[in-house]
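Quick notes on the structure that follows.
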Amino acid sequence: MPLCTIHLLSLLDPLPTFLQTLSSTPLKPLTISRVIRWIILPTSLSTVPLLAQNIHWDILLILPSPSNTSLPASLQKQIKHQWSIEAGVPSRLLKDYEARNRRLLCPEKGDVPSLTGSLHGLAEGHGSGAGGRNKILKESSQDLELSPELLSWIEEFSSGGGGDGEGGTKEGNGAVSMLNLLAFNDGMKEEYLKYGRAFAES
């Protein structure tokens, strides 16, 4: 399984300056993404470096190289905080990754199904079935469930009135990726892989 290095970066310099410098280095990132927010806060690994200083993370940078290869000095001097970890990535995910990722970020007509309006209904105080909104919403999103705070953020992010003339923030009207960093309980990794295979087939 090929190793990739995941970097979370908090920048000293403006984002365009960092990206311009990055483009002048030999690095060939798999992914460069703006960090928007946590959905589930870390609870097991690296909680202190990720959360204790209330750091605003700017960039998610994934490189197809081991972490013992430091980022170039030209980038390091633009970084205020950095957190890095190595992760094994299945080779099948890396095959034709650039083309598949481009298709996900810039989908063609028909690639993405129309939204059902369920979230909007919840935001308006409606819900399906007995209990409606109160039955669906949970106190926290830490268990990957919908909370009032998360629902409010989704509404603001996607339709809160941005500068592009179509409502919402610029990022909220485009493709959004979610990165999951998982720490498995003893003996449970294989169970999670079974879940992943079943999800992919559904």
Side-chain angles (χ1 to χ4, degrees), residues 6-12 14-15 18 31-62 79-85 87 101 104-107 111-185 188-189 191-192 195-196 198-200 202:
I6 299 170
H7 298 284
L8 276 177
L9 307 175
S10 176
L11 302 180
L12 288 167
L15 179 58
F18 179 84
T31 294
I32 310 169
S33 300
R34 279 193 59 199
V35 176
I36 303 299
R37 64 160 283 166
W38 296 106
I39 298 297
I40 300 175
L41 295 173
T43 58
S44 180
L45 301 176
S46 299
T47 54
V48 172
L50 288 172
L51 300 176
Q53 301 180 62
N54 198 27
I55 296 170
H56 173 76
W57 298 103
D58 296 294
I59 288 290
L60 168 68
L61 179 66
I62 302 180
I79 296 172
K80 185 177 182 180
H81 298 285
Q82 176 179 341
W83 177 84
S84 304
I85 192 171
N101 190 50
L104 289 171
L105 294 175
C106 304
D111 282 354
V112 181
S114 299
L115 298 177
T116 63
S118 298
L119 287 177
H120 181 70
L122 286 172
E124 294 294 323
H126 309 297
S128 59
R133 173 188 171 105
N134 292 333
K135 183 178 180 180
I136 296 172
L137 296 183
K138 305 300 180 181
E139 183 176 342
S140 168
S141 59
Q142 278 297 101
D143 290 326
L144 203 55
E145 295 177 304
L146 187 62
S147 67
E149 183 277 331
L150 182 57
L151 177 61
S152 176
W153 176 82
I154 292 171
E155 283 288 301
E156 181 180 354
F157 183 66
S158 61
S159 59
D164 55 2
E166 297 183 4
T169 62
K170 181 179 179 180
E171 295 86 355
N173 281 280
V176 177
S177 302
M178 179 169 161
L179 175 67
N180 297 307
L181 297 175
L182 306 176
F184 295 104
N185 292 326
M188 296 305 295
K189 181 177 180 179
E191 292 302 310
Y192 181 83
Y195 157 77
F199 184 82
S202 63

Taking atom [atom1] of [X] and atom [atom2] of [Y], what is their separation to the nearest 0.5 Å?
X: Ile40; Y: Asp143; atom1: CD1; atom2: CG; result: 7.5 Å
X: Leu151; Y: Ser141; atom1: CG; atom2: OG; result: 11.0 Å
X: Ile39; Y: Met178; atom1: CD1; atom2: CE; result: 6.0 Å
X: His7; Y: Thr31; atom1: NE2; atom2: OG1; result: 12.5 Å
X: Ser140; Y: Leu41; atom1: OG; atom2: CG; result: 8.0 Å

Under the side chain to side chain contact (heavy atoms under 4.5 Å, CB included) criterion, do Leu15 and Ile59 qualify, and how do the steps go?
CA-CA 8 Å; Leu15 179 58; Ile59 288 290; 3.2 Å; yes

Tabulate below the donor-acceptor pairs under 3.5 Å that side-chain atoms of residues 50-57 make, not counting sequence neighbours, or state none.
| unit_1 | atom_1 | unit_2 | atom_2 | d |
| --- | --- | --- | --- | --- |
| His56 | NE2 | Asp58 | OD1 | 3.2 |
| Trp57 | NE1 | Leu50 | O | 3.4 |

Quick one, [X] and [Y] - any side-chain contact, counting heavy atoms below 4.5 Å?
X: Leu8; Y: Ile85; value: no
X: Val176; Y: Ile36; value: no
X: His81; Y: Leu11; value: no
X: Ile32; Y: Leu60; value: no
X: Val35; Y: Leu9; value: no

Mind running side chain to side chain contact (heavy atoms under 4.5 Å, CB included) on Glu145 and Leu137 for me, showing each step along the way?
CA-CA 7 Å; Glu145 295 177 304; Leu137 296 183; over 6 Å; no

Do side-chain atoms of Ser147 reach the backbone of Leu150 as a donor and acceptor pair under 3.5 angstrom?
yes

Is Arg37 paired with Glu149 through a side-chain N to carboxylate O contact shorter than 4.0 Å?
yes

Ser84 and Gln82: side chain donor to acceptor below 3.5 Å
yes

